[in-house]
Every structure is written in structure tokens, then in C-alpha cells.
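Here the structure is laid out as C-alpha cells; the discussion comes afterwards.
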Amino acid sequence: METTNLNKQFPLMIPYITPDDIAAVTEVLQSGMLIQGKHVGLLENKIRQIANVKEAVAVSNGTATLHLALISLGIGKGDEVIVPAFSYVATANVVELVGATPVFVDIDSDTFNIDVSKIKAVITEKTKAIIPVHEFGLACNISEVISIALTNKIHVIEDAACALGAKENEQPVGSFGIVASFSLHPRKSVTSGEGGIITTNNQELAAKFRALRNHGIDSENTDSMEFILAGYNYRLTDFQAAFVNSQLERFDQILTQKQMLADVYLNELDASVMKLPVVPDGKNHTWQTFHVVLEEKINRAQLIAALKERGIGSNYGAQCIPATKYYQEKYGFNNKASFPYAYRAYTSGLALPLYYGLTKEDVKYIATEINKSIKNDL
Ligand SMILES: *Cc1c(COP(=O)(O)O)cnc(C)c1O
């Protein structure tokens, strides 16, 4: 029988928004209390539980959390910060923005996470921090990163932007580094539109984040209205917090559904023409992105166009950051030689539709169309 999916559209991502989520937002709008109130506090409590940390501070977006982390740890001019060569550009941009220098390390070709065996070689006396990324929702080898960092006295700032709910040996990401960063962008599992959360077990740092997000106001002593730092406005609104709180009520359900859909991809996609993602023992994948790397002989642009004609969205998954124009022009890297796996993932990687609301049949259809398109092309 012919497939029934011909008229269906499968973009890369559709946020999962229910009438309850909308009602939660409406309620805050009707209250007139729009900025950083009760719902921001509730959101911070929820994240503290999920990430198993003492402190969570909500801010306006994920990039702002990384920015506050670097500033609060005193990282700036003359300092070096180690960053994986394959991630979203924001991970390296924040290092540039505080005047420090990003030092890139290649990734592991199975997991797209930083290759821990290559970290030691780039540590110098200028290295102040490392920002390991839990790419696409899978924890990197974070315990190993922590142990290298301890030996070399450098800070670990986890970029867990895509990885809320991910774990290594039952310990949630966000609880390993001195600080960690989460994003609530619509491409992540739960979203506030724009939003971010910074987690830490260090109360002094948390107080600094609270001051810095709100013009430098003393958050410990709210009656004083005293400004103790030159801060930013990185606040989250209360209706955004209420929106994401409502989604967090079904967070487990979202992750379970995504795992089920990812399993369909893993079973159906033709592994002879692409490298499928690997989930190592001791980790759960939260599948922010389902990302494959195509055989080099496959023309990715042609495949993306062919899939688009069938209503299937796809795109590259993340950047080989040193190969993007700004970094290439500033530092002149030889990307293919220095970061072969990051470069491969950037040039042959493909992110596929995966979101709550797809059915197993939808994913089976998408996988079949991908296999067919590749066969036609070869
Ligand atoms: C999404 C993302 C960010 C940035 O988060 P925003 O909320 O969009 O600022 C940073 N790092 C990684 C790895 C991301 O995936």
C-alpha cells in the first residue's frame, strides 16, 4: 500500500505546546506581575531537583548563562579556555566576548562529544577553564574531564544547553562542574521561547549570578536596594517561566517519547551509508537532536533538497566552530588536519526531525525516504 504521509510536513522541530501551557502563560499576563517573580522561583526549584544541585538561577537565554559563568570566575584577557571544536558557536563566542582565547579540541566520532584524550596536550599555564559540551543531549565523559581539570587546577563550566535530564552513571549533568549552563530555546526539550538556567553548588557564585542578572542589585538583601556590582539585565520574565514550568510537568514523558522515536531511527536508517549515533554504557541520551554523519560520497545539499521536497526538514547539526568565518579569519586553523572529526561532522552531519508529536510510523516513513533518497543519489 502507498504511504499515507505524502501530505504531512515534518520540520526539524515543533515545540510541544498544550492548552495547559497557554493557560499558564495567560494567568501570569492577567496577574500583571510580568518579570522574575513566583514562577521564576518555581522554575529554579524544579531545575535544582532535575540537576541535583543546590542553586539554580534563571536568566534570559543560554548564552547569557555561559557569559555570567566566565565573568563570575574572573576569566578574561590573557586567559585560555578549552572548548570542543564541534558545538553551537555560542560556546566559543562567550570566550571571545570576555576577551579570552578559545582553544579548540576535536571530538569523538561516535558521540560528537569532546575527545577527552586530547585535552591534556592543549593545557598551558594560561588555561583557566574548560567548557565541555553535552552535545545533542548526551553527557560527555564528564567525570574524566573533571579529573583532568582537578589535576591541572582549571574550572569546568558544563555547557548542558541541550542536555537537561542527561546523566553519567546516574549523576545528572549540571552537577559536575563548578557551574553549568542550560538553555530553554525552542530547539531544546522544554522551552520558554528564550531562556536559560545556570546551576552550581557554590552559594557565593549563585549570589553573584543573581546580582549580575539584575543590574548588580544585592540579591541577598533585597530590602536594601543596594547595587553591589555593575550588572546586566539578563532577567527571565515570569510568563516565560510559567510556560516552561507547565511543560516540565510532562518532562519524563517527553524524554521517553523521544527515546522511542530515536530507537525507530536506529533500527530503520541504513547504517551502511551513514554513521548512526552511539550511546555509551552508563549514559542516557535525551535526544535534543538525532544526528547522523553521512558517507563522504553522499551529496548532503542534494539530500537535504530531496527531503525538503518530501516535506522532511533536515540540516547540519552543529558547527565546526574554528571553521566558521570569524574564527577562521582570526586564527587561520587548518581544520581538516587539526579537527578531523569535528570537520567531518560539520560537513557531512545531518540532523533529522525528532520531537514529541511524531509517531513511530512518521519516523519510519522519514527513515525510509532518507534511505531511498541516498540510494537514488549513489
Ligand atoms: C542552544 C545552545 C546554546 C545557546 O543557547 P541559547 O539559549 O540559544 O542562547 C549554547 N550551547 C549549546 C551547545 C547549545 O546547543
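Numbering of ligands and ligand atoms starts at 1, following listing order.
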Would you indicate whether the side-chain heavy atoms of Ser60 and Tyr232 approach each other to under 4.5 Å? no

Looking at Tyr88, I'd like to know if the NZ or CZ of Arg187 sits under 6.0 Å from its six-membered ring centre while staying within 45 degrees of the ring's axis. no

Would you check if there is a donor-acceptor pair between the side chains of Thr368 and Asn371 at a distance under 3.5 Å? no

Hey, what's the ring geometry for His291 with Phe112, parallel, tilted or perpendicular (30° and 60° as the breaks)? perpendicular

Using the six-membered ring wherever Trp is involved, compare the ring planes of Phe104 and Phe333 and label them parallel, tilted or perpendicular (cut-offs 30° and 60°). perpendicular

Which atom pairs, nitrogen or oxygen on both sides, join ligand 1 and the protein at under 3.5 angstrom?
| from | atom 1 | to | atom 2 | distance (Å) |
| --- | --- | --- | --- | --- |
| ligand 1 | 5 (O) | Ser183 | OG | 3.3 |
| ligand 1 | 7 (O) | Gly62 | N | 2.8 |
| ligand 1 | 7 (O) | Ser183 | OG | 2.7 |
| ligand 1 | 9 (O) | Gly62 | N | 3.3 |
| ligand 1 | 9 (O) | Thr63 | N | 2.9 |
| ligand 1 | 9 (O) | Thr63 | OG1 | 2.6 |
| ligand 1 | 11 (N) | Asp159 | OD1 | 3.4 |
| ligand 1 | 11 (N) | Asp159 | OD2 | 2.8 |
| ligand 1 | 15 (O) | Lys188 | NZ | 2.7 |

Is there a donor-acceptor pair under 3.5 Å between the side chain of Glu268 and the backbone N or O of Lys364? no

